[in-house]
Every structure is written in C-alpha cells, then in structure tokens.
Amino acid sequence: MPEQMDKQASEKRVILEMGTGNDLYGGDYTKAAIRAIQDALHHSSIVLFKSLGYDHSLMRVQVTIGVQEPDKVDTDVLAAQLPRGRAEVTAVKGGLDIDDPEQDTTHIVATAAVEAFLPDMAKEWRLSEQD
C-alpha cells in the first residue's frame with residue numbers, strides 16, 4: 001500500500017469530466033452508470049498521448065459513480081468500458097432514484113466523475129533554455 005501511495009503522490013490529475021446517465025425502466029444501476037461514464041467521456045478528447053507520444057498505459061483512470069444503491073453496481077463491468085489507461089472504479093452513495101407509482105417502476109439516475117492521472121513529469125519540461 002505505501003508503494004501505491006508514493007506512486008499516486010507523484011501523479012498529476014490531467015482530466016476531470018463529469019457525466020450523468022439513467023435507466024428509466026429496468027432499474028439497472030450498472031446500466032445507468034455505464035451511460036454516465038459514456039456521457040463524461042464524450043466531453044473530452046485526450047490529444048496529449050498522440051501529440052506528446054505518451055503511452056496510454058501511463059494513465060490511471062479513477063472513476064467514481066454515485067447511485068442510491070452502490071452495492072448494485074458491477075464495477076468490473078464499468079472498468080471494462082474505459083477505452084484507455086488503468087481503470088479504478090468505485091461506487092458511492094449518490095445519484096437519484098425516482099419512483100413512478102403509476103408505472104410501478106423506479107427510474108435510476110447515476111452520476112460519474114472520471115479523473116485521469118499521469119506521472120508528474122514536470123522536471124522533464126522547461127519553458128526556456130537555461131544559461
């Protein structure tokens with residue numbers, strides 16, 4: 001565990017995107033969470049990998065999903081949805097459950113925060129030549 005903390009301490013967050021998703025009729029927390037992640041991912045384009053020649057495996061992707069019943073979210077399925085990086089997914093209490101007694105169903109609303117971290121490479125960059 002201390003090695004992981006040292007590694008995370010030497011990282012910098014380069015992306016933070018948020019999204020929302022829902023499952024209106026199936027009551028499926030994982031499906032709503034997948035849609036929230038997709039919504040967040042559609043807000044970003046990570047060009048630095050191609051532009052700077054970074055390997056995607058350098059990126060750690062931390063996803064936090066908010067739903068009313070976190071234990072009903074399959075975080076392994078969510079991690080598999082992420083196209084790049086090393087995924088870590090956590091489900092926490094949040095989101096919304098909207099009961100519809102007329103239809104005898106519950107509409108699930110999930111929120112997602114997708115964070116991307118890269119190793120701190122600040123020492124490898126400089127703005128101008130040194131004398």
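Along the sequence shown, residues are numbered consecutively beginning with 1. Because only heavy atoms are used, hydrogens play no part in the values below, and waters and symmetry mates are left out as well, while side chains stay in.
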Apply side-chain hydrogen bond (donor to acceptor under 3.5 Å, both in side chains) to [X] and list each qualifying residue two or more places apart in sequence or on a separate chain.
X      : value
Glu115 : Arg13, Gln62
Asp23  : none
Thr106 : Asp99

Backbone N or O of Asn22 within a donor-acceptor pair of the Arg35 side chain at under 3.5 Å?
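Yes; at least one donor-acceptor contact below 3.5 Å.
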Rounded at 0.5 Å granularity, tell me how far [atom1] in [X] sits from [atom2] in [Y].
X     : Y     : atom1 : atom2 : answer
Ile34 : Asp39 : CD1   : CG    : 13.5 Å
Gln68 : Leu96 : CD    : CG    : 6.5 Å
Glu17 : His42 : CD    : NE2   : 12.0 Å

Are any of the side-chain heavy atoms of Ile65 and Thr90 separated by less than 4.5 Å?
no
Would you say the side chain of Arg86 lies within less than 4.5 Å of the side chain of Met59, judging by non-hydrogen atoms?
no
Quick one: hydrophobic cluster around Val92, which other residues, with the 4.5 Å side-chain cut-off, linked directly or via members?
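Members besides Val92: none; it forms no cluster.
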Please set out all donor-acceptor pairs under 3.5 angstrom arising from side-chain atoms of residues 71-82, sequence neighbours excluded.
residue	atom	partner	partner atom	Å
Lys72	NZ	Glu69	OE1	3.0
Asp74	OD1	Asp76	N	3.1
Asp74	OD1	Val77	N	3.2

Hey, could you give me each pair passing ring pair (Phe, Tyr, Trp, His ring centres under 6.0 Å) that has a residue in [range]? Not counting sequence neighbours.
range           : result
residues 63-100 : none
residues 68-89  : none
residues 80-101 : none
residues 59-116 : Tyr25-His107

Single-linkage hydrophobic cluster, 4.5 Å side-chain cutoff, [X] and [Y] together:
X     : Y     : result
Val67 : Leu41 : yes
Leu58 : Val61 : yes
Leu24 : Ile37 : no

Quick one: list whatever passes side-chain contact (heavy atoms from CB on, under 4.5 Å) with Glu102, sequence neighbours left out.
Asp100
Check against side-chain contact (heavy atoms from CB on, under 4.5 Å), Val114 and Leu16:
CA-CA 6 Å; Val114 179; Leu16 171 61; over 6 Å; no
